[in-house]
There are 2 protein chains.
Amino acid sequence: MNDTSEPRWLDQAEMTAWLRLVAVNERLPGVLDQQLRRESGFTHFEYQVLAMLSDAPERTLRMTQLGLQTNATLPRLSHVVKRLEDRGLVERSVAPEDKRAINAALTDDGFAALAEAAPGHLASVRAHVFDPLSREQVLALSEALAAILTKVDPMGDAPQDRRATS
Amino acid sequence: MNDTSEPRWLDQAEMTAWLRLVAVNERLPGVLDQQLRRESGFTHFEYQVLAMLSDAPERTLRMTQLGLQTNATLPRLSHVVKRLEDRGLVERSVAPEDKRAINAALTDDGFAALAEAAPGHLASVRAHVFDPLSREQVLALSEALAAILTKVDPMGDAPQDRRATS
DNA sequence: TGCGGTTACTTCAATCTACAACTAACCACG
DNA sequence: CGTGGTTAGTTGTAGATTGAAGTAACCGCA
């Protein structure tokens with residue numbers, strides 16, 4: 001039963017990188033959530049939903065598209081959007097051209113809430129992620145993550161850098 | 001209340017990097033969990049707990065230390081370890097020198113289960129993370145993540161690369 | 001028109017996580 | 001000693017996420 005084709009183990013540099021990736025993965029969401037929750041009453045995921053909507057034409061997106069752009073499963077998104085709708089920040093309506101589909105649209109209240117939350121969130125992202133990185137590190141990190149995404153998200157569904165509003 | 005010191009917005013390169021980091025953050029856990037769950041019946045977090053124990057002297061660690069090394073809160077760890085104990089993979093015992101503290105130790109069954117799960121998990125990590133990266137990218141990624149960790153985990157509690165077993 | 005197969009979501013049940021008490025043990029100091 | 005304050009963990013509960021199943025609308029083709 002000797003499995004000689006067993007993939008080689010991680011060497012030390014790889015193991016270090018792996019532990020760090022996992023650590024960031026576990027700790028960053030908590031940091032972001034905590035700041036947003038405290039200052040704006042949002043989850044980071046909720047913030048993402050609002051942000052993606054605000055960048056979309058008509059501030060409206062189909063659920064499926066929104067799910068892809070926020071890297072979320074559809075059930076999860078469905079629940080979250082329902083809660084946001086209950087809070088009056090988002091409105092759902094059946095798409096006229098395809099009655100299976102649902103358009104989620106940011107309300108004015110939702111836009112205002114997002115605008116109020118944004119500066120604090122931005123400051124947090126800068127403080128925890130970009131401040132400690134040099135420009136070259138930002139670019140290198142970005143490239144490495146893009147490479148990983150090709151494997152983790154083979155369809156390339158994650159939010160493309162369509163530099164929207166600019 | 002005009003906040004003129006509003007931090008500057010992310011430029012395009014930063015925004016791209018940020019979206020990619022968030023995307024990896026959201027998608028990678030799912031990919032890892034799915035492979036482990038299917039092939040071994042573990043969560044990635046459970047796997048981490050077992051792995052950290054197996055690398056520790058005596059295959060034993062205090063709950064608090066284990067929590068730091070797995071980037072978990074104590075309540076979460078407590079629940080997970082209890083479930084692992086119910087499955088006979090871990091044993092808990094009061095630490096003799098400090099009766100508040102609890103030592104979690106990997107059982108032989110736990111070690112065996114980890115050994116069985118490891119190759120598949122390793123293959124998954126290689127396939128999704130390291131295969132698409134060049135050696136330089138691995139190193140650059142590692143450095144960038146280390147820099148972020150200094151802000152996200154200021155105490156440096158994440159698992160140090162004590163190049164243990166090698 | 002009608003039937004089978006997708007697609008787009010929602011809902012349900014089970015699991016997991018987080019936040020907030022709560023318990024027990026340690027420690028320093030009077 | 002013993003009292004107050006901290007540390008180590010656990011538990012309880014409420015809220016969130018997941019995977020599976022369910023519903024409704026679309027599409028192609030006979």
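Per chain, numbering begins at 1; letters A, B, ... match sequence-line order.
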Integer-rounded Å distance: [N] [atom2] and [X] [atom1]:
{"X": "B/H44", "N": "C/dC16", "atom1": "NE2", "atom2": "C1'", "answer": "16 Å"}
{"X": "B/L77", "N": "C/dC16", "atom1": "CG", "atom2": "P", "answer": "14 Å"}
{"X": "B/F42", "N": "C/dT15", "atom1": "CZ", "atom2": "P", "answer": "17 Å"}
{"X": "B/R62", "N": "C/dC26", "atom1": "CZ", "atom2": "P", "answer": "10 Å"}
{"X": "A/L74", "N": "D/dG22", "atom1": "CG", "atom2": "C1'", "answer": "14 Å"}
{"X": "A/M63", "N": "D/dA25", "atom1": "CE", "atom2": "P", "answer": "17 Å"}
{"X": "B/E85", "N": "D/dT11", "atom1": "CD", "atom2": "P", "answer": "10 Å"}

Rounded to the nearest 0.5 Å, how far does [atom2] of [Y] lie from [atom1] of [X]?
{"X": "A/L36", "Y": "A/F42", "atom1": "CG", "atom2": "CZ", "value": "8.5 Å"}
{"X": "A/R135", "Y": "A/F130", "atom1": "CZ", "atom2": "CZ", "value": "9.5 Å"}
{"X": "A/K82", "Y": "A/L77", "atom1": "NZ", "atom2": "CG", "value": "12.0 Å"}

Does atom CD (B/E91) have a neighbourhood of more than 12 heavy atoms from anything else shown, all under 6.0 Å?
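It does not: B/E91 CD has 12 such atoms or fewer within range.
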Using a 6.0 Å cut-off, check whether atom CD of B/E85 has over 12 heavy atoms from anything other than its own residue.
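Yes, the 6.0 Å shell around CD holds more than 12 heavy atoms from other groups.
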With sequence neighbours excluded, residues passing salt bridge (charged side-chain N to carboxylate O under 4.0 Å, His left out) with A/R62:
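Salt bridge (charged side-chain N to carboxylate O under 4.0 Å, His left out) check on A/R62 returns A/E97.
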Determine whether B/L139 and B/L145 fall in the same hydrophobic cluster, where Ile, Leu, Val, Met, Phe, Trp and Tyr are linked whenever their side-chain heavy atoms lie under 4.5 Å apart.
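No.
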Do A/W18 and A/L149 share a hydrophobic cluster (ILVMFWY, side-chain heavy atoms under 4.5 Å, transitive)?
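Yes, one cluster joins them.
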Return no unless some side-chain N or O of A/K82 is found under 4.0 Å from OP1 or OP2 of C/dT11.
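Looking at the OP1 and OP2 atoms of C/dT11, one of them is under 4.0 Å from a side-chain N or O of A/K82.
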Distance check: side-chain N/O of B/R37 vs OP1/OP2 of C/dC16, anything under 4.0 Å?
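For C/dC16, OP1/OP2 do have a side-chain N/O of B/R37 under 4.0 Å.
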Please work out which residues in residues 87-106 of chain A have a non-hydrogen atom less than 4.0 Å from an atom of DNA chain D and list them by number.
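Under 4.0 Å from DNA chain D: A/D98, A/K99, A/R100.
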Identify the pairs formed between an N or O of the protein and an N or O of nucleotides 17-19 of chain D at a distance under 3.5 Å, and give each distance.
{"residue": "D/dT17", "atom": "OP1", "partner": "A/R76", "partner atom": "NE", "Å": "3.4"}
{"residue": "D/dT17", "atom": "OP1", "partner": "A/R76", "partner atom": "NH2", "Å": "3.2"}
{"residue": "D/dT18", "atom": "OP2", "partner": "A/T73", "partner atom": "OG1", "Å": "3.3"}

Do the non-hydrogen side-chain atoms of B/Q65 and B/M52 ever get within less than 4.5 Å of each other?
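In short, these two side chains do not touch, never coming nearer than 4.5 Å.
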